[in-house]
Number of protein chains: 2
Amino acid sequence: MNTLLTAFSALSDATRFSIVEQLMQDGELPAGDLIEGRGMSGAAISRHLKVLRAAGLVQQRVQGSQRMYSIQTAGLRAIAEWTISKRQFWENSLDRLNDLIERENSWPN
Amino acid sequence: MNTLLTAFSALSDATRFSIVEQLMQDGELPAGDLIEGRGMSGAAISRHLKVLRAAGLVQQRVQGSQRMYSIQTAGLRAIAEWTISKRQFWENSLDRLNDLIERENSWPN
DNA sequence: CCTTTATTTAACAATAATGTTAAACAATGG
DNA sequence: CCATTGTTTAACATTATTGTTAAATAAAGG
């Protein structure tokens, strides 16, 4: 699978998305801190982290017996680049066809 | 599931992603045109379209016996807004921690 | 060394996603 | 009306995803 689709896939899971948000907020955290408060086993979180790593969304470094996790820019950048390249489709939301259809679909049939 | 995660999920499938790209390129197309060239049954594509619709990524209008599909801005916008709100994580890729870890991980151990 | 702490991997069960074919529907044209 | 065309839904099999617990690994401390 390509980078972009892998990133989308990784972020489509609520647990993984929340891990990414937490790392964005807090910077760098040991796996243990990412397990806490998620009502899920450490094993499950560990595997989510593996998926995020494979998607280039987080990175790991070893510090003693801990694995420190932090955001990696690659995955995000893939999404950002695609999003920006399709700017026209969300920037000017008031496009002709869009409007037409929105009006049609709201007709009381 | 919330809008953003649903959009990520919908786009994480290669077939659906390619449908979105085709509609971005071509504007509005009947379902039949979206089926062609994808080596998959019409039923399968129809269900992918349903997922894309539920995710606010495409919209449908009825024209005679055809269903015309086109891009809807809602889903895209959810992704764009999130991406932009996290700008700092992909814009300045040369952040301190990122660099440190990238160097560590490339050590020949 | 041996135990504890931190984290990952393996094996497995439950659920979700995806494709197939067949049947259902709806509009169109004889 | 009835057959045809365009598309969706249903039923089903296959494969993927996700969580669980138990076992494996690895560093740290006594």
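Just so it is clear, the values below take in all heavy atoms, side chains as well, and ignore hydrogens, waters and symmetry mates. Below, chains carry the letters A, B, ... as their sequence lines are ordered, and counting in each starts from 1.
Atom CD1 of A:I45 is separated from atom C1' of D:dT17 by 15 Å (rounded to the nearest Å). Look at CE on B:M40: it is 7 Å from P on C:dT20, rounded to the nearest Å. In this structure, CD1 of B:I19 is placed 13 Å from C1' of D:dT7, rounded to the nearest angstrom. As rounded to whole Å, 10 Å separates atom P of C:dT9 from atom CZ of A:R47. Atom pair B:R53:CZ and D:dT7:P shows a separation of 12 Å (rounding to whole Å applied). Separating the CD atom of B:Q63 from the P atom of D:dG6 is a distance of 14 Å, rounded to the nearest angstrom. Note: CD1 (B:I35) to P (C:dT18) measures 17 Å, nearest angstrom. As a whole-Å value, the separation of B:L5 CG from C:dA16 C1' is 16 Å.
In this structure, a donor-acceptor pair under 3.5 Å is present between the side chains of B:R38 and B:S18.
Distances shown here put every side-chain N or O of A:Y69 at or beyond 4.0 Å from the OP1 or OP2 atom of C:dA6. An OP1 or OP2 oxygen of D:dG19 is reached within less than 4.0 angstrom by a side-chain nitrogen or oxygen of A:H48. A close approach under 4.0 Å does not occur between any side-chain nitrogen or oxygen of A:Q60 and OP1 or OP2 of C:dT7. At D:dT8, one or more side-chain N or O atoms of B:S46 fall inside 4.0 Å of OP1 or OP2 (strictly under the cut-off). For C:dT20, the OP1/OP2 oxygens have a side-chain nitrogen or oxygen of B:S41 closer than 4.0 Å. Applying the 4.0 Å criterion to OP1 and OP2 of C:dT7, one finds that A:K50 has every side-chain N and O outside that range. Residue B:R16 has a polar side-chain atom (N or O) positioned under 4.0 Å from OP1 or OP2 of C:dT18.
Residue A:P30 places its side chain closer to C:dT7 than to any other of C:dT7, D:dT20, C:dT18. The side chain of A:A44 lies closest to D:dG19 when the candidates are D:dA28, D:dG19, D:dT21. The side chain of A:T15 approaches D:dG19 more closely than any other nucleotide in the set D:dG19, C:dT20, C:dT9. In this structure, of C:dT18, D:dG19, C:dT8, it is C:dT8 that holds the atom nearest to the side chain of A:L49.
By the 4.5 Å heavy-atom criterion applied to side chains, B:H48 and B:D13 are counted as neighbours. Put simply, the side chain of B:L23 reaches to within 4.5 Å of the side chain of B:L34, judged on heavy atoms. Between A:Y69 and A:L52 there is no side-chain heavy-atom pair separated by less than 4.5 Å.
Counting any heavy atom pair closer than 4.0 Å across all strands shown, A:G42 reaches a base atom. No engagement by B:R38 is indicated, since no non-hydrogen atom pair under 4.0 Å with the nucleic acid exists. In this structure, B:A31 reaches the sugar-phosphate backbone alone: every heavy-atom distance under 4.0 Å involves primed, P, OP1 or OP2 atoms, never a base.
In this model, no side-chain donor or acceptor of B:R67 finds a partner on the base of D:dG6 within 3.5 Å.
Ring pair A:W82/A:F8 is perpendicular by interplanar angle, where above 60° counts as perpendicular and below 30° as parallel.
When the nearest nucleotides of DNA chain D are assigned to A:G39 and B:D33 by heavy-atom distance, the more 5′-ward of the two goes with B:D33. Map A:D13 and B:S65 each onto its nearest nucleotide of DNA chain D; the residue landing nearer the 5' end is B:S65.
A:E21 and B:K86 are joined by a salt bridge, as a carboxylate oxygen and a charged side-chain nitrogen come within less than 4.0 angstrom of each other.
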